[in-house]
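The structure presented is a predicted model; accordingly, all values stated were derived computationally and were not measured. Position 1 is the first residue of the sequence, and the numbers go up from there.
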Amino acid sequence: MQTLENLQYTHPAYQDHTQNAEYLYRSYIGGDLYRAGDYLTRYFGEDSDGHSNLYTKRLNSTPLNNYVKTTIDIYRSFLFRELPHRNLGTLSKNPLVSEWVNDTDNDGQSMDSFLKTMNDYAMIMGNMWILVDKPLYAVETVAQEIQMGIRPYACMYSPSAVMDWEYKRNIAGKKVLEYIKVIEENTSYSTTISMWYPDYIERYTISKDSTTGAMETITDYNEYVNPLGYIPFINHAPIPAPTKGMGYSLIEDVADTQKYIYNMLSELEQTVRISGHPTLVKTSATNATAGAGSIVTMPEDLDPGLTPFLLQPTGATIGGILDTIDKQVESIQKTTHTSAVQGTKGSPMSGVALQTERQLLNAKLSDLADTLEETEKKMWNMWSNWTGIELPQEFSIDYVDTFDIRDQHSELELLTRAADNVPHDVFKHYIHDSIVNLLVEDPAQATDIKKIIAEEHAAMPAGTTLESDE
């Protein structure tokens, strides 16, 4: 049994990693959660607790253009545009397999939905932990397990929920997880912590001070046998960090640029507001208000040098701020390789630049798909260990490994012009085949259509030609 001090101990990288993960998560969610982070730079003299509460007013009047969410949505739309293919072989009709695929987290999420959500958070915060667990109830048959709903399930943990972990190299030189400590539940009154080891599992419930939130006393302790002989946790990190068990966020630079644009939008709002509503400068004895139709009453003995006047900055800086924001948006698109899929104003990219941008995005997405495929295979292996059901030899999981982005309108226009410029039947027949391949996604249907075109062409009377607009 652990002491309270040991239970509160965290990994050396935990604090910095969780703080950064929280900032990135807020950047993705936006709204009130982002405003609560106070990411606007404070002006001199602004006090959030002051009577005027100027900082809070500025927070509420500054919009957030959420480029982090846009980037994650673009990556997700490509990664899961075609769902992964799972060849389950003889397990396809097994009820335990069906429940695992259709309700992976025991809370209604299918395997695809679970992995989409988990991968989104991993791309945002750098990594996510996945536990494949099974309730520890003694049953005699598989039928009893099915009847009672006892089966393996998966759940995900954010970086802030994993307090400590340790990897060690086994006899083969491979790093394996030897220990992990996770927060299972955290309320204002208590915290539940689980500590996993290869042979056993410890679970603690700790009471908390309702005022400070500090852990006070261990109120419950249970120990369970780990029947697997290893820790069934998977660290999913799209870009692994040198520290095992951590990862780098895909959108950290986007989040920083988004914060910069957020502050620029606040400056823009303040500039517009001050330009439209100039400041009246007067002595305290002068009776005047700024606004249309206002009357200024000055003391008769007022020094001529103290005549009231309006202090109004020019709006010249507005254009500069807007240009700066546009350049930052362009920088985000270049960093994330999404320029080719987002419409922007200004000079269009050349064909070579567009092709290069698509290739860079394709390479990034391919790496993400490979990591997802490896993670899902590990989940299936753990599921197999929990159930005792061996995966068949033909079992396989295949994620799409190429994300070639094609501009169908441009390609179709190019093919049509080529057919017009080369008036030869053989060449036009080739162009027609290329158009079919471009517009028909199903390869089998495309083959059938091309076969019909070829047969009709062969049956044409001599001298008849194929028209490019057919």
Side-chain angles (χ1 to χ4, degrees), residues 11 13-34 36-37 64 66-81 83-84 103-133 153-163 165 177 180-186 232-241 243-256 258-259 336 338 364-365 367-379 382 399:
H11 191 278
Y14 173 81
Q15 196 66 30
D16 291 339
H17 187 42
T18 53
Q19 286 180 355
N20 191 47
E22 181 183 2
Y23 158 63
L24 295 170
Y25 179 73
R26 288 174 181 268
S27 299
Y28 171 73
I29 297 299
D32 289 337
L33 192 64
Y34 193 79
L64 172 67
N66 201 326
Y67 298 101
V68 169
K69 185 174 181 58
T70 300
T71 302
I72 294 297
D73 289 345
I74 290 174
Y75 287 165
R76 175 175 179 163
S77 67
F78 279 107
L79 284 170
F80 292 94
R81 181 172 54 182
L83 296 177
D103 187 6
T104 302
D105 63 348
N106 221 4
D107 197 27
Q109 278 201 104
S110 66
M111 179 68 73
D112 291 328
S113 179
F114 178 86
L115 289 172
K116 287 177 185 178
T117 304
M118 183 277 304
N119 189 61
D120 283 354
Y121 290 145
M123 290 191 294
I124 295 164
M125 295 183 283
N127 71 293
M128 289 289 288
W129 292 87
I130 303 172
L131 166 66
V132 180
D133 196 7
Y153 65 94
C155 55
M156 64 184 79
Y157 294 85
S158 67
S160 60
V162 181
M163 301 173 65
W165 65 93
L177 191 61
I180 190 169
K181 176 167 58 180
V182 298
I183 300 174
E184 299 287 355
E185 188 178 8
N186 195 14
F233 272 82
I234 304 166
N235 179 49
H236 179 79
I239 305 179
T243 302
K244 187 74 172 176
M246 296 176 59
Y248 293 122
S249 170
L250 267 74
I251 49 82
E252 186 164 5
D253 293 335
V254 178
D256 291 341
Q258 175 177 290
K259 183 170 67 173
T336 58
T338 57
K364 181 184 287 290
L365 294 172
D367 291 340
L368 295 174
D370 289 342
T371 306
L372 272 168
E373 185 175 309
E374 293 169 4
T375 295
E376 184 175 344
K377 287 179 179 177
K378 292 176 182 177
M379 292 174 62
M382 291 178 180
Y399 278 69

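No donor-acceptor pair under 3.5 Å is formed between the side chain of Tyr67 and the backbone N or O of Ala255. For the pair Ser249 (side chain) and Ile124 (backbone), a donor-acceptor distance under 3.5 Å is present. Side-chain N or O atoms of Ser113 include none that pairs as donor or acceptor with a backbone N or O of Gln109 at under 3.5 Å.
The NZ atom of Lys181 sits 9.0 Å away from atom CD1 of Ile183, with the distance rounded to the nearest 0.5 Å. Expressed to the nearest 0.5 Å, how far CE of Met128 lies from CG of Asp120 amounts to 10.0 Å. Rounded to the nearest 0.5 angstrom, Leu131 CG and Ile180 CD1 are separated by 8.5 Å. The OG1 atom of Thr243 lies 6.5 Å from the NE2 atom of His11; values are rounded to the nearest 0.5 Å. We find the CH2-CG distance between Trp165 and Leu177 to be 10.5 Å, quoted to the nearest 0.5 Å. Put simply, CE on Met118 and OH on Tyr157 are 14.5 Å apart, with the number rounded to the nearest 0.5 Å.
With a 4.5 Å cut-off on side-chain heavy atoms, Val182 and Phe233 count as touching. Between Asp105 and Tyr153, every side-chain heavy-atom pair lies at or beyond the 4.5 Å cut-off. Leu372 is listed as a side-chain neighbour of Phe80, based on a closest heavy-atom distance under 4.5 Å. Looking at Leu115 and Met111, their side chains come closer than 4.5 Å, going by heavy atoms from C-beta outward. Proximity of Asn20 to Glu252: side-chain heavy atoms (C-beta onward) are separated by under 4.5 Å at one or more points.
Of all the heavy atoms in Met125 and Ser158, the pair that sits closest is CE-CB, 4.1 Å. For the pair Ala237 and Met246, the tightest heavy-atom approach, listed with the atom from each and the gap, is CB-O, 3.8 Å. In terms of heavy atoms, Tyr399 sits closest to Glu373 at N-OE1, 3.1 Å. Contact between Asp112 and Pro84 at its shortest, heavy atoms only, is OD1-CG, 3.5 Å. For the residue pair Leu79 and Leu365, the shortest heavy atom distance occurs at CD2-O, 3.5 Å. Here the closest heavy-atom approach between residue Tyr28 and residue Lys69 is recorded as OH-NZ, 3.5 Å.
Residues passing the side-chain hydrogen bond (donor to acceptor under 3.5 Å, both in side chains) test with Glu374, sequence neighbours excluded: none. Tyr25 is linked by a side-chain hydrogen bond (donor to acceptor under 3.5 Å, both in side chains) to nothing, counting only residues two or more places apart in sequence or in another chain. Every residue two or more places apart in sequence or in another chain that forms a side-chain hydrogen bond (donor to acceptor under 3.5 Å, both in side chains) with Thr375 is listed here: His236.
Paired with Val68 under the rule side-chain contact (heavy atoms from CB on, under 4.5 Å), one option of Asn66, Thr70, Thr71 passes, and it is Asn66. Exactly one residue among Asn119, Asp107, Ile130 makes a side-chain contact (heavy atoms from CB on, under 4.5 Å) with Phe114. That residue is Ile130.
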List the steps, then state whether side-chain contact (heavy atoms from CB on, under 4.5 Å) holds for Leu368 with Leu250. CA-CA 10 Å; Leu368 295 174; Leu250 267 74; 3.8 Å; yes
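Side-chain contact annotation: Tyr23 with Asp256, donor-acceptor N/O pair under 3.5 Å present.
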